[in-house]
Amino acid sequence: MSKHGRLLLAALAIVVIGGLIIVPMNFNRYGLYILSQWAVMTIAAMGLNLTLGYAGQVSLAQGAFVGIGAYGAAILTTHGWPLIASLGLVIVICFIVGWLLGYPALRVQHHYLAFVTLAFSTLMFLVFRNESWLTNGIYGISNIPRPEILGFPTRKPLPFYYLCLGSLALVTLAMWWLIRSPWGRAFMALRENPIRAQSLGIDTRRYTLMAFAIGSVLGGIAGVLYAPLTQYVDPVPFNLQLSLDLLMMVIVGGSGFMFGPFLGAMIAVLLPEWLRVAEGYYLMLYALAVIALLIYSPTGILGILDRYLGSRRTQAASALRAAAQSKLEAAQ
Amino acid sequence: MSNLLDLIVAGLATGAIYALVAVGFTLLWQTSQTINFAQGEFVMLPAFLMLAVMHLGAPFWLAVLVGVLLSALLLGLAFKMLLVDPMLRHGVLPLAIATMALAIGIKEAVKQFFSAEASPFPSIVPVGDVSVLGRAISLQSLGVLAVAILAVVGLTTLLNRTSLGHQMQAAAQNPTVARIIGVPVERMILLTFLINAVLVALASLLITPIYLAKFSSGEVLGQAAFIAAIVGGFNQVRGAIAGGLLIGVVDNLAAAYVSTQYRAAVPMVLLILVILFRPQGLLGRAEERTV
Amino acid sequence: MRSIILAGLCSAMLLSGAAYAQSGAPIKIANVAELSGGGATVGTNWKNGIDLAVEEINAKGGILGRKIEVSHADSQSNPGVARAQVQKALDSEPYVLLGPGYSGSVKVTAPLAAEAGITQIMGGEAAELTQAGNKFLFRTSFGQQSSMPKVAKYINDELKAKSVAVVWVNNDFGRGGRDVITKEFNRLGIKVAADLSTEAGQADFAADVSKIKAAAPDAVFIYVNEEESARILKEIKRQGVTAPLIGETTLVGQKVIELAGDAANGARGHVGLTTDAPVEAIKAFRDRFVKKYNYVPDHNGLKGYLAIYMVKATTEKMGKVDSKAFADTLHGLTIKTSTEPNILMDVTFDQNGDIDRQGFLVEVVEGKQVVKQVLPKLN
Amino acid sequence: MTAVLDVRDVKKSFGGITAVDGVSFDVQEGEILGLIGPNGCGKSTLFNCILGQLTPSGGEVRVDGKLVTGQRPAELNRLGVSRTFQLLQVFPKLSVRDNLILAGQEHRGSMLSRLFGPSDAGLTATADQMIGFFKLEHLANEPAGGLSYGQQKLLDAAMAFMGGPRLVLLDEPAGGVNPTMLGDLKERLIAINRERRATFVVIEHNMEFVMSLCSRVMVMAEGKVLAIGKPDEIRANPAVIEAYLGH
């Protein structure tokens with residue numbers, strides 16, 4: 001990218017971040033709640049984007065990990081644990097369960113893998129619903145407290161929104177670090193050509209499991225925020241539909257793009273709210289919008305941008321090639 | 001013992017419903033790698049189309065006819081041309097997501113333009129029970145089973161005995177080669193979409209008297225059919241039938257002998273085991289993979 | 001940021017509303033209900049009932065000369081979304097909040113309404129909802145804590161059953177009823193011979209019924225939704241179970257009879273609120289509803305309808321539109337059909353927001369509901 | 001002196017068909033062994049057996065005297081065995097430089113240290129050196145998918161050398177490459193062979209390329225070794241002429 005483009009991008013980033021911090025100060029509780037929800041879902045979708053978008057492993061179980069995180073936080077904080085400690089435990093649990101869920105991916109791929117993870121998702125829903133001794137079953141867990149962060153209470157909507165936004169920022173930084181690291185490169189190699197990756201010494205088994213484990217941890221983190229956000233957790237939101245929705249966020253935003261989940265979660269969380277003016281028709285319009293978008297760009301919103309940049313890059317590359325060719329011919 | 005037999009017979013009757021929905025599902029996968037998450041809604045919709053025609057004062061037979069035609073037009077032709085064609089070359093996932101959105105769209109449309117209430121639907125099979133193996137079983141279920149088996153026999157005959165069928169198989173198995181030897185691949189794929197559309201309309205006609213015409217009735221059906229298709233063999237029409245029947249029976253046995261709270265878990269565990277140890281399905285053949 | 005514009009518009013409307021408040025500006029009521037997702041049938045009935053009542057009242061000049069304006073929001077049957085929509089509704093400062101219908105969604109939203117000091121009239125039936133000391137929450141129907149003991153008493157006194165099979169749908173509605181009645185059975189010394197959870201939308205009840213058969217209970221208590229009631233009744237008939245079948249509104253309603261045919265005969269149940277009640281006003285309501293919406297409402301349609309008339313009666317009692325005093329007025333209020341015919345049956349609200357009203361024990365005889373016993377209003 | 005690669009009696013059959021039928025040979029340090037034979041004679045299957053992509057039905061493979069039969073490709077690669085593929089196998093969405101860094105990174109430190117270490121695993125300089133060596137400087141930041149076929153072939157070969165391998169197995173490196181670039185490629189391979197004492201096994205159909213590049217040539221037919229020897233000997237071998245020119 002040119003220096004000019006980079007500067008433009010940095011300016012855009014500052015405007016967006018500034019906007020996310022300043023504009024909501026005037027929002028009512030509803031607006032803040034929806035934005036917090038967006039931040040939480042973005043974190044979960046980023047996890048799936050790592051597993052699916054970067055490492056190429058189809059998972060329909062991300063919703064189940066949000067559920068594990070939400071239940072973990074709900075159970076522990078209502079028993080007096082601080083949220084940060086529950087977060088620690090949830091991370092460990094999600095890492096282990098995610099790692100184990102990765103094992104089928106070593107045997108089967110693509111749609112078969114999707115079906116295995118789909119089954120896992122349904123099983124987890126049944127556990128949430130049926131194991132009343134732990135989860136209080138269908139009644140759910142209410143009165144989940146909102147935490148105090150460094151002495152600041154987040155009971156009110158605005159501080160809690162900042163907590164979600166701050167968490168999103170931290171997760172984004174960590175993700176950015178991971179994707180730029182040799183691991184990120186290895187994940188992409190796994191997606192694009194696992195056999196070639198192996199021949200270059202990349203332990204595809206371990207990276208596959210890692211992609212599942214880390215992706216699942218992000219799902220868990222989102223869940224840990226979800227519980228105090230709604231202050232009530234029951235099994236219904238964590239059925240298969242959530243996993244499908246998260247998959248949709250990743251694909252619609254643009255799978256394998258760092259900021260795809262931000263846009264995907266925006267479509268999934270904010271678009272229906274905007275469409276509510278259409279009353280009874282809003283979900284229909286929403287479905288149509290998603291279908292139309294996918295028909296227009298099956299690679300998602302960022303796919304449109306990528307196609308545009310891609311065609312410019314190809315032009316530039318072929319110009320370079322032509323130049324090189326003529327130089328070569330001149331030398332002969 | 002007689003109890004076990006009862007459960008199996010009842011399970012087969014329910015399984016026949018799943019099987020009928022699963023057949024079209026596998027057809028679409030075979031010819032165009034389309035995983036249709038809206039298949040359940042595809043079964044729900046034709047009944048409402050027929051009800052709509054009946055509301056206009058048409059007799060039942062005419063409503064059925066119009067319903068089947070509309071279904072072929074909407075769920076066959078339009079579905080393929082507007083949704084599948086533009087997205088297919090971008091892989092399975094975007095299309096799968098689009099069908100999920102389509103499922104939401106169909107459900108909401110039916111709820112909005114008809115009703116959120118369940119409506120009864122006239123049965124073409126006489127209502128009543130007959131005694132099978134000493135157990136009362138509803139004629140409607142038997143009707144579904146008969147039609148499911150007929151559909152498979154018909155499809156198998158079509159695919160294996162006619163030149164049209166051979167062309168369809170060629171188009172499904174290796175489109176490139178098929179094109180070279182002069183098979184009109186595009187037309188063959190369109191044909192499978194039309195067959196699926198007619199099958200779901202047929203399923204709708206048979207199932208709705210039992211399930212009632214309700215906007216949400218596709219959810220349970222779609223998921224059960226989905227699992228049935230995978231367990232039976234994603235690329236075999238008779239696999240879908242076997243899978244459907246198996247899921248129907250397993251579900252009942254699970255409720256009776258495992259736990260009613262976890263009955264839904266048993267087919268899922270079966271699904272996981274099948275995928276891990278026999279990914280081509282119980283009756284399927286291994287898919288060719290290129291390294 | 002469209003929401004800013006929307007918020008701006010809303011506040012502009014509110015301001016202009018305030019200016020005209022004294023000269024008959026509409027009374028704003030917000031409804032948040034399950035209009036899509038698993039509870040869509042519940043929510044849609046509730047919404048239609050509300051709309052019918054509002055239309056009637058507005059046609060007659062409104063409440064205290066002011067028209068009613070209801071906004072409907074969809075909770076997607078998801079507590080998280082319900083919370084967002086209730087927050088949105090509360091931000092626009094409604095007179096009264098209606099809904100939601102799912103007990104979980106009520107639990108997550110009730111503290112918000114209480115904090116805002118807005119009265120919430122909801123459809124949830126779980127026992128615990130009104131026992132948390134929330135002074136702003138009101139029911140539209142019997143909570144399970146008052147309906148289930150009546151059923152248990154009937155099973156004990158009239159049927160003299162010593163063992164009962166309990167069939168329930170595994171959601172908050174079914175589970176709640178099951179938990180309360182099981183407790184009652186324990187108290188009365190009745191054995192639970194089989195405890196069967198079923199799924200919403202379940203098609204095949206063969207396994208469940210064969211378990212009932214194996215348990216050979218003196219009676220079967222069935223607490224599932226109407227469509228599943230019809231399916232299980234058919235299966236019970238098919239497998240030849242002869243024990244008496246007892247349930248609630250969802251077992252003996254007109255819809256079940258229509259769907260189950262012969263198989264519904266003999267089913268008995270406690271009915272708190274039903275369009276089949278032998279009350280002229282309710283029959284008239286049913287006719288009006290069918291005329292407008294072309295189908296027979298379930299009890300949720302009635303609940304929505306009554307919610308609006310509760311608002312009307314309370315407001316007229318106060319003689320002014322005052323959302324702060326609303327809850328206090330409704331506590332302990334008795335609304336009589338003599339003063340408000342469309343409340344359909346005399347009803348009293350206690351300090352918890354629970355209701356007291358006449359109930360019925362009915363049996364399905366030859367495809368018709370027959371009232372066997374009238375359970376009088378307590379106070 | 002132990003051979004870098006020692007293959008003893010390797011067999012591989014698929015169902016009833018024996019693709020590789022008891023092949024034995026060894027390769028000494030610094031050697032370039034050519035592997036030729038008609039299509040379907042089992043060359044690529046042999047490669048895959050040596051490299052752990054396939055598990056041999058019988059026989060042993062040793063690298064520097066160490067038994068490696070049945071080890072996974074990634075483990076073998078970290079022991080210093082790398083390869084190129086017959087069909088193009090670069091990572092199209094990664095840049096040329098990232099392709100090369102990727103090819104070397106797993107040889108640096110542990111998985112954990114790579115996560116917290118520099119994002120290029122300290123390989124940018126090495127990668128750029130390799131880019132320069134294969135004359136791809138002007139394309140370093142381009143996605144590999146945008147390169148021409150010949151350029152991708154060069155990149156593919158370059159990737160095989162990033163980990164500083166002891167032994168490189170090249171599967172038809174010259175296939176589809178234009179003559180100018182082919183000369184380049186040969187020159188680079190010879191240079192690497194000399195400078196780094198890397199040992200090569202090369203499958204190739206281009207006779208001229210093989211005969212001028214390799215120190216020894218092995219001929220396979222129907223899963224067996226037909227002949228092995230210096231290029232001149234092979235050229236003169238009647239069995240080879242028979243197999244190639246037909247009956």
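The sequence lines fix the lettering, A, B, ..., with proteins before strands; numbering per chain opens at 1.
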**Q** Is any side-chain N of the basic residue among D:Asp120 and D:Arg97 closer than 4.0 Å to the acidic one's carboxylate O?
**A** no

**Q** Between D:Met162 and chain A, which part of the residue has a heavy atom less than 4.5 Å away: side chain, backbone, both or neither?
**A** neither

**Q** Out of the candidates D:Val177, D:Leu136, D:Asp156, only one should pair with D:Gln151 under the side chain to side chain contact (heavy atoms under 4.5 Å, CB included) rule; please name it.
**A** D:Leu136

**Q** Is D:Pro92 close to chain A through its backbone or its side chain, or both, or neither, when contacts mean heavy atoms under 4.5 Å?
**A** both

**Q** Looking at D:Phe200 versus D:Phe161, is the centre-to-centre ring distance below 6.0 Å?
**A** yes

**Q** Which atoms of D:Leu115 are under 4.5 Å from chain A, going by heavy atoms: the side chain, the backbone, both sets, or neither?
**A** both

**Q** Which atoms of D:Arg108 are under 4.5 Å from chain A, going by heavy atoms: the side chain, the backbone, both sets, or neither?
**A** neither

**Q** Would you say the side-chain atoms of D:Gln105 pair up with the backbone N or O of D:Ala121, donor to acceptor, closer than 3.5 Å?
**A** no

**Q** Which one of D:Arg83, D:Glu75, D:Lys135 has the most heavy-atom pairs closer than 4.5 Å to chain A?
**A** D:Arg83

**Q** Please report the shortest heavy-atom distance between D:Ile50 and D:Leu76, naming the atom on each side.
**A** O-CD1, 3.4 Å

